[in-house]
Number of protein chains: 2
Amino acid sequence: MNISVAADAAGLPVKTVRYYADIGLVAAPSRSASGYRTYDDASIRKLAFIRRAREFGFNIGECRELLGLYEDQNRSSADVKQIASKKLEEIRAKQRELQALHDDLSHLVDSCSGDHQPECPIIDYLG
Amino acid sequence: MNISVAADAAGLPVKTVRYYADIGLVAAPSRSASGYRTYDDASIRKLAFIRRAREFGFNIGECRELLGLYEDQNRSSADVKQIASKKLEEIRAKQRELQALHDDLSHLVDSCSGDHQPECPIIDYLG
DNA sequence: TTAATCTTTCCAGTAACTGGAAGGTCAAGG
DNA sequence: CCTTGACCTTCCAGTTACTGGAAAGATTAA
């Protein structure tokens with residue numbers, strides 16, 4: 001697969017896919033005879049995993065750590081489990097925060113009558 | 001309230017609180033006689049709202065738009081409701097993605113036996 | 001074969017902070 | 001009263017994580 005197909009499948013811009021290999025976050029992909037990068041399903045899954053992690057505030061270093069869980073053969077399952085469990089708790093915290101943001105906005109939507117009176121009760125709260 | 005109290009309450013670094021006023025995302029706070037910025041509860045709520053929105057991938061322009069919902073007196077409730085509803089759908093999409101990330105990591109945790117065998121079934125999936 | 005649409009590398013620019021220097025302010029303790 | 005330490009100020013430079021664009025080569029469809 002060429003880079004644009006892989007990028008689309010992973011939900012990332014082509015530029016970003018190149019960038020992740022440049023900084024060594026993922027391995028450099030193999031190349032075709034003419035120098036085009038070629039991708040397989042495994043690398044796409046990995047890129048999609050990174051995209052999701054990045055979207056939820058894990059920085060590149062943390063993504064490296066998450067991917068390292070899979071790639072470091074010297075790391076024991078207990079270590080993997082411990083680090084991943086910590087990240088899982090961080091994700092749960094993010095889920096709670098996202099729910100709070102959702103509730104804030106829901107409140108706004110509900111408190112607006114939706115007609116053309118330029119009044120919103122939530123102005124008092126956030127104003 | 002001085003800036004560090006407000007920043008703590010909103011969950012933001014002091015630097016970022018200053019920055020948001022510098023770029024006009026929030027109004028410039030009032031100053032004490034000696035030039036210290038002073039904050040009230042309303043501005044803290046607004047900063048916390050921005051923090052949550054930023055944490056979940058809304059950029060500064062989108063935060064401006066969200067805050068504009070409350071501040072533009074010329075905007076009708078119907079407009080507010082329409083824009084906020086669109087953002088709500090984006091948040092729900094983020095919640096689904098976050099769940100997928102959670103599930104990915106959960107799978108990793110579950111598939112590791114947790115003892116000291118350096119084997120993880122998920123290596124095959126992501127590797 | 002030619003035009004459109006890929007792809008490459010390289011380098012510069014952007015968004016959103018973030019760190020650090022240099023200096024002023026304030027509250028507590030001696 | 002004085003000092004010490006933790007605040008605060010502005011300003012400017014640096015960082016992270018991309019992102020855009022130029023110049024040039026490769027591939028495909030008509």
Side-chain angles (χ1 to χ4, degrees), chain A residues 1-40 43-44 46-68 87 90 94 97 101, chain B residues 1-40 43-44 46-68 87 90 94 97 101:
Chain A
M1 263 176 292
N2 282 350
I3 194 167
S4 66
V5 177
D8 281 358
L12 286 170
V14 166
K15 285 264 186 185
T16 303
V17 173
R18 281 197 205 98
Y19 173 74
Y20 286 161
D22 287 350
I23 64 171
L25 181 57
V26 298
S30 53
R31 302 287 185 122
S32 72
S34 58
Y36 284 19
R37 291 169 180 82
T38 55
Y39 295 85
D40 58 13
S43 47
I44 289 170
K46 200 177 283 193
L47 289 166
F49 180 85
I50 295 169
R51 174 184 57 77
R52 281 200 295 270
R54 289 287 302 118
E55 279 173 3
F56 293 103
F58 293 102
N59 63 28
I60 297 288
E62 289 170 328
C63 289
R64 237 180 259 275
E65 192 180 6
L66 285 168
L67 289 172
K87 294 291 179 196
E90 289 173 36
K94 281 175 199 297
E97 281 279 306
L101 180 63
Chain B
M1 260 177 295
N2 282 350
I3 195 168
S4 67
V5 177
D8 281 358
L12 287 169
V14 166
K15 284 265 188 188
T16 304
V17 172
R18 280 197 206 97
Y19 173 74
Y20 286 161
D22 286 351
I23 63 170
L25 180 56
V26 297
S30 54
R31 300 290 183 120
S32 73
S34 58
Y36 284 20
R37 291 168 179 83
T38 55
Y39 295 86
D40 58 13
S43 47
I44 289 171
K46 200 177 283 191
L47 288 166
F49 180 85
I50 295 168
R51 174 185 56 79
R52 281 200 295 271
R54 288 287 301 121
E55 279 174 3
F56 293 102
F58 293 102
N59 64 27
I60 298 287
E62 289 168 328
C63 289
R64 237 180 258 276
E65 192 180 6
L66 285 167
L67 289 172
K87 295 292 178 195
E90 289 173 36
K94 282 175 197 297
E97 282 279 306
L101 179 63

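In the text below, chain A, chain B and the rest are named by the order of the sequence lines, each starting its count at 1. Heavy atoms only: backbone and side chains are in, while hydrogens, waters and symmetry mates are out.
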Out of dT10(D), dC8(D), dC10(C), which nucleotide sits closest to the side chain of Lys15(A)?
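Looking only at side-chain atoms, Lys15(A) lies closest to dC10(C).
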Identify which nucleotide among dC8(D), dT9(D), dC18(D) has an atom closest to any side-chain atom of Asn2(B), counting heavy atoms from C-beta outward.
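Of the options given, the side chain of Asn2(B) lies nearest dC8(D).
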In whole angstrom, what separates [X]'s [atom1] from [N]'s [atom2]?
| X | N | atom1 | atom2 | value |
| --- | --- | --- | --- | --- |
| Glu62(A) | dA17(D) | CD | P | 9 Å |
| Glu55(B) | dC17(C) | CD | P | 11 Å |
| Tyr39(B) | dC8(D) | OH | C1' | 11 Å |
| Phe58(B) | dA16(C) | CZ | C1' | 17 Å |
| Leu47(A) | dA17(D) | CG | C1' | 15 Å |
| Ile3(A) | dA26(D) | CD1 | P | 17 Å |
| Met1(A) | dT7(C) | CE | P | 13 Å |
| Leu12(A) | dA17(D) | CG | P | 14 Å |

Would you say the base of dC6(C) and the side-chain of Tyr36(A) have a donor-acceptor pair closer than 3.5 Å?
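Indeed, a donor on one side and an acceptor on the other fall under 3.5 Å apart.
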Show, in sequence, the C-alpha distance, side-chain angles and deciding distance for Ile60(B) and Tyr20(B), and conclude whether the side chain to side chain contact (heavy atoms under 4.5 Å, CB included) test is met.
CA-CA 9 Å; Ile60(B) 298 287; Tyr20(B) 286 161; 3.8 Å; yes
NA contact type, Ile23(A), heavy-atom cut-off 4.0 Å: base, sugar-phosphate, or nothing?
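Nothing, no nucleic acid heavy atom in range.
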Between Glu90(A) and Phe58(A), is the side chain to side chain contact (heavy atoms under 4.5 Å, CB included) condition met? List the steps.
CA-CA 9 Å; Glu90(A) 289 173 36; Phe58(A) 293 102; 3.3 Å; yes
Quick check: on DNA chain D, is the nucleotide nearest Ser32(A) upstream (toward 5') of the one nearest Tyr19(A), or the reverse? Name the residue that is more 5'.
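Nearest-nucleotide comparison on DNA chain D picks Tyr19(A).
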Can you find a side chain N or O atom of [X] that sits less than 4.0 Å from OP1 or OP2 on [N]?
| X | N | answer |
| --- | --- | --- |
| Ser34(B) | dC26(C) | yes |
| Tyr20(A) | dA17(D) | no |
| Arg37(B) | dC8(D) | no |
| Arg18(B) | dG19(C) | no |
| Thr16(A) | dT19(D) | yes |
| Ser4(B) | dC8(D) | yes |
| Arg31(A) | dT7(C) | no |

Cation over ring, Lys46(A) on Tyr39(A), under 6.0 Å and within 45°?
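The answer is no; the distance or angle limit is not met.
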Please confirm whether the backbone N or O of Ser32(B) pairs with a side-chain atom of Thr38(B), one donor and one acceptor, at under 3.5 Å?
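No; zero donor-acceptor contacts below 3.5 Å.
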How far apart are the C-alpha atoms of Val14(A) and Arg37(A), what are their side-chain angles, what is the distance that settles it, and do they pass the side chain to side chain contact (heavy atoms under 4.5 Å, CB included) test?
CA-CA 11 Å; Val14(A) 166; Arg37(A) 291 169 180 82; over 6 Å; no
